[in-house]
Amino acid sequence: MASLDAAAQDVKLAPIVITGADRRPSMSLNGEWHVIPDPYQAGLYFNKHELARGWFVNQKAKPGDTGPVDYDFAKSPVLKVPADWNTQKPELFWYEGLMWYEKDFSYEVKAHTRVFLHVGAANYKSIFWVNGTKVCEHEGGFTAFNCDVTSALKAGSNFVIAAVDNTRHEDGVPTTQTDWFNYGGLTREISLIAVPDTFIDQYDLHLSRADRSTIEGWVHIAGVTQGGLVTVKAPELNAKGDFTVGNDGRAKIELKTAGLKLWSPETPKLYKVETSFIGSKSPENNYLDTDSISDEIGFRTIEVKGTEVLLNGKPVFLHGVSIHAEAPYRTGRAYSTKDAETLLGWAKELGCNFVRLAHYPHDETMLRAADRMGLMVWSENPVYWAVQFEEPEVYEKALQQLNEEIGEYRNHAAIVLWSMANETPISDARTKFISSLAARARELDGSRLITAALLVRTESTTGANGDGSTKVVDDPLGKYLDVIGTNEYIGWYEQHPESADTTDWKIAYDKPLIMSEFGADAKAGLHGAKTERWTEEYQADVFRHQLGMLNRIPQLRGMSPWVLMDFRSPRRPLPGIQDGFNRKGLISDQGEKKEAFFVLQKAYVEKTVGR
């Protein structure tokens with residue numbers, strides 16, 4: 001992707017993080033966008049491959065100028081946004097490369113207002129222009145970003161162009177190898193957000209662990225130069241406080257409440273919280289800086305004591321399931337409220353109080369739904385498998401995505417765990433890389449727990465359960481985690497289902513353990529003996545043996561078997577069985593519940609696993 005990288009170096013325009021962006025006044029840019037596939041990236045270059053401002057400046061902003069005549073958005077087909085391009089047109093299904101997007105829109109420019117192009121996600125690298133002016137670039141396919149377009153907009157007719165490239169890279173986060181489909185495009189909602197010149201860009205409001213009647217945190221004001229006053233109020237709680245903005249642009253918040261109902265899976269109470277800012281009059285134009293935002297926030301505490309996970313000070317067992325952001329029924333990348341409510345509705349039906357949203361940050365619609373539905377969430381940075389841990393530039397990419405993830409999502413009560421990584425091979429460089437991410441996560445948000453999904457090693461033993469094996473969890477990364485996550489596939493990638501009956505566990509850390517993955521593949525509707533792979537009966541048998549084994553792990557405090565629903569993966573080609581899908585879902589991509597769904601549901605509802 002040398003061409004897009006070169007274009008990105010043209011002018012370095014970094015987007016910003018805006019908390020609660022979906023709660024801001026906005027104009028949607030969803031809908032039909034004109035598109036041009038450009039696998040040779042020729043649209044970025046002409047005149048002997050010297051980087052120019054771009055052919056679109058000639059064609060759109062300056063009609064009649066010389067430039068490539070082969071590109072014409074007006075004559076080009078359209079794709080829907082938000083959505084991946086792969087599942088919209090058969091000829092684009094396997095396309096990996098550069099895609100040009102273009103949309104015309106009208107806009108009314110207002111005084112004392114900043115406008116941001118809010119991009120829910122663009123996979124994987126992207127550059128945006130408004131009216132021919134480059135407004136920002138971004139790397140990372142699963143986090144939102146905001147491009148300041150204030151100076152590029154004009155009254156009346158405007159156009160926005162995006163170059164989006166989903167090419168996989170060795171130095172990417174994630175890297176070239178994943179076990180999910182590399183959906184490309186503008187996969188989440190796009191809008192224009194209007195805010196005052198000086199505005200609330202980030203805020204962190206959570207419940208104090210020391211006093212579960214006090215809301216604490218901070219509010220940051222972007223562009224503040226002369227202090228000001230922040231007011232936070234929760235009308236239903238009759239709680240209100242005024243706080244001074246410091247020289248760092250932050251107001252420290254401490255708001256006493258009475259009668260606050262704690263958020264939990266049983267009572268997922270959300271409160272309307274109104275945050276406002278009043279600044280000083282500008283000496284230039286006597287204009288008073290003001291801003292306000294209203295959010296719905298649940299208040300709860302999550303912490304660890306020994307091997308216990310405590311929700312609101314009480315031990316809790318996380319009955320969960322892992323979920324990919326795969327759209328039910330239609331497949332493709334999930335993005336809508338309907339997608340979220342379908343997936344999380346199945347998790348609730350399963351008996352879950354917890355979901356692992358793997359292996360990257362999911363859309364904010366999923367988190368809003370989890371808040372409402374009372375599902376605790378494990379949210380994960382896409383440090384997946386063997387990224388280039390030795391490279392400082394790769395660390396910066398992972399750090400950027402972590403900053404964006406936490407900055408955008410930190411006020412969702414549902415999120416109880418920030419996961420730093422999944423199944424990373426042990427090395428000194430890798431442990432330093434991920435432990436540094438964990439330290440940064442604690443700086444950004446000290447109110448939640450830090451985890452990662454670790455690999456395990458196997459020792460052959462003769463133990464209490466007879467001849468068998470011992471799974472050993474002693475990854476040095478565990479030292480830096482609050483909760484240990486671990487993945488294993490007894491009965492599928494190793495041994496047989498009944499091997500779980502004679503498997504013991506040795507955990508090197510006196511910390512809570514979540515079995516973050518286990519499971520087996522089955523094609524929905526394929527039946528046979530429980531010894532026959534790919535049948536629903538085989539998958540169900542794996543779960544029965546696993547549940548018995550899990551109950552013997554003293555410090556087990558949660559589980560999120562793999563996975564709620566079948567999802568596309570190019571690594572899974574087996575004709576007639578997988579057909580390009582990972583079939584470990586408890587439910588098929590068409591909503592068919594497999595036998596294992598009911599095995600796990602019974603265990604969760606009757607609490608025969610965990611407590």
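To the nearest 0.5 Å, atom CG of residue N158 and atom NZ of residue K103 are 13.0 Å apart. The structure places CG of D475 at 6.5 Å from OH of Y509, a figure rounded to the nearest 0.5 Å. Once rounded to the nearest 0.5 Å, the distance linking CG of L98 with CG of N166 reads 9.5 Å. I426 contributes atom CD1, which lies 7.5 Å from atom CG of L455 (distance to the nearest 0.5 angstrom). Interatomic distance, CD1 of I36 versus CD of E102, reported as 8.5 Å (0.5 Å rounding). The distance from the CG atom of D171 to the CD atom of E393 is 8.0 Å, given to the nearest 0.5 Å.
At least one donor-acceptor pair closer than 3.5 Å links the side chain of K511 to the backbone N or O of G478. Not one N or O on the side chain of T176 forms a donor-acceptor pair closer than 3.5 Å with the backbone of H169. No donor-acceptor pair closer than 3.5 Å links the side chain of T175 to the backbone N or O of G172. A donor-acceptor pair is defined here as one N or O able to donate and one able to accept, closer than 3.5 Å; no such pair exists between the side chain of T431 and the backbone of L477. Remark: side-chain polar atoms of D482 are paired, donor with acceptor, to backbone N or O of I450 under 3.5 angstrom. Using modelled atom types, no side-chain atom of N381 and backbone atom of Y360 make a donor-acceptor pair closer than 3.5 Å. Within the 3.5 Å criterion, the main-chain N or O of W180 finds a donor-acceptor partner in the side chain of T178. The main-chain N or O of Y335 is found under 3.5 Å from a side-chain atom of T365 such that the two form a donor-acceptor pair. In this structure, Y409 contributes its side chain and H362 its backbone to a donor-acceptor pair below 3.5 Å. The backbone N or O of G320 lies less than 3.5 Å from no partner atom in the side chain of S560, so there is not a single donor-acceptor pair.
In this structure T87 satisfies the side chain to side chain donor-acceptor pair (under 3.5 Å) test together with D84, sequence neighbours excluded. A194 pairs by the side chain to side chain contact (heavy atoms under 4.5 Å, CB included) definition with Y107, T113, not counting sequence neighbours. Applying the side chain to side chain contact (heavy atoms under 4.5 Å, CB included) test to P573 and every residue at least two apart in sequence or in another chain returns Q578. Shown here are the side chain to side chain donor-acceptor pair (under 3.5 Å) partners of S76, two or more places apart in sequence or in another chain: there are none. For E303, the salt bridge (charged side-chain N to carboxylate O under 4.0 Å, His left out) test picks out R212, with sequence neighbours left out. Residues forming a side chain to side chain donor-acceptor pair (under 3.5 Å) with E405 (at least two apart in sequence, or on another chain): S379. Legend: residues meeting side chain to side chain contact (heavy atoms under 4.5 Å, CB included) with S336, ordered by chain and number and at least two apart, are K338, D339. With sequence neighbours excluded, the residues forming a side chain to side chain contact (heavy atoms under 4.5 Å, CB included) with V78 are E32, H34, listed by chain and number. Partners of D148 according to the side chain to side chain donor-acceptor pair (under 3.5 Å) rule, which considers only residues two or more places apart in sequence or in another chain, are R114, T150.
One side chain, D179 or N582, offers a donor N or O that lies under 3.5 Å from an acceptor on the other.
A 4.5 Å side-chain heavy-atom check between L117 and V160 finds at least one atom pair inside the cut-off. At least one side-chain heavy atom of M559 sits less than 4.5 Å from a side-chain heavy atom of F518. Taking 4.5 Å as the limit, every side-chain heavy atom of D295 sits out of range of all side-chain heavy atoms of T275. Side-chain contact between V81 and L29 is absent, with no heavy-atom pair separated by less than 4.5 Å. You'll find the side chain of V173 stays beyond 4.5 Å of the side chain of Q400, heavy atoms only. The shortest distance between side-chain heavy atoms of L367 and L357 falls below 4.5 Å.
Taking the six-membered ring wherever Trp is involved, the centroid distance between the rings of Y203 and F277 does not fall below 6.0 Å. Separation of the Y101 and F128 ring centroids does not fall under the 6.0 Å cut-off.
Of all heavy-atom pairs between Q88 and A83, the closest is NE2-CB, 3.2 Å. Between V563 and V321, the closest heavy-atom pair is C-CG2, 4.1 Å. Nearest heavy atoms, Q401 versus P382: OE1-CG, 3.1 Å. The heavy-atom pair separating P37 from L92 by the smallest distance is CG-CD2, 4.2 Å. In terms of heavy-atom proximity, T167 sits nearest to Y124 at O-CD2, 4.4 Å. Residues V383 and F389 share a closest heavy-atom pair of CG1-CE2, 3.9 Å.
Ion pairing between R333 and D363 fails under the 4.0 Å rule for side-chain N and carboxylate O. Checked for salt-bridge contact, K584 and E517 miss the test: no charged N lies under 4.0 Å from a carboxylate O. For the pair R368 and D22, the salt-bridge criterion is met [side-chain N within less than 4.0 Å of a carboxylate O].
Each of F73, W129, W85 was scored for a ring pair (Phe, Tyr, Trp, His ring centres under 6.0 Å) with W100, with one residue passing: W129. Just one of Y183, F567, F581 meets the ring pair (Phe, Tyr, Trp, His ring centres under 6.0 Å) condition when paired with H324; it is F567.
Evaluation of the salt bridge (Lys or Arg N to Asp or Glu O under 4.0 Å) test over residues 406-424, restricted to residues two or more places apart or in two chains, returns D204-R410. Under the salt bridge (Lys or Arg N to Asp or Glu O under 4.0 Å) criterion, the residue pairs touching residues 379-391 are R356-E380, with sequence neighbours excluded. For the salt bridge (Lys or Arg N to Asp or Glu O under 4.0 Å) condition, the pairs that include at least one residue of residues 557-568, sequence neighbours left out, are E308-R557, D566-R583, D566-K594.
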TODO: Evaluate the criterion side-chain contact (heavy atoms from CB on, under 4.5 Å) for residue pair R188 and V119; output intermediate values, then yes/no.
DONE: CA-CA 7 Å; R188 297 176 186 170; V119 182; over 6 Å; no
- [ ] Apply side-chain contact (heavy atoms from CB on, under 4.5 Å) to I193 and V115, showing your working.
- [x] CA-CA 6 Å; I193 297 174; V115 183; over 6 Å; no
TODO: Go through the steps to decide whether Q202 and W218 satisfy the test side-chain contact (heavy atoms from CB on, under 4.5 Å), and finish with yes or no.
DONE: CA-CA 9 Å; Q202 292 196 42; W218 50 264; 3.9 Å; yes
TODO: Begin from the C-alpha positions of M27 and F105 and carry the test side-chain contact (heavy atoms from CB on, under 4.5 Å) through to its verdict.
DONE: CA-CA 10 Å; M27 186 183 89; F105 63 94; 3.8 Å; yes
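Relative orientation of the F181 and W94 rings is tilted, given thresholds of 30° and 60° on the angle between their planes.
The number of heavy-atom neighbours closer than 6.0 Å to CG of D248, taken from other residues, nucleotides and ligands shown, is above 12.
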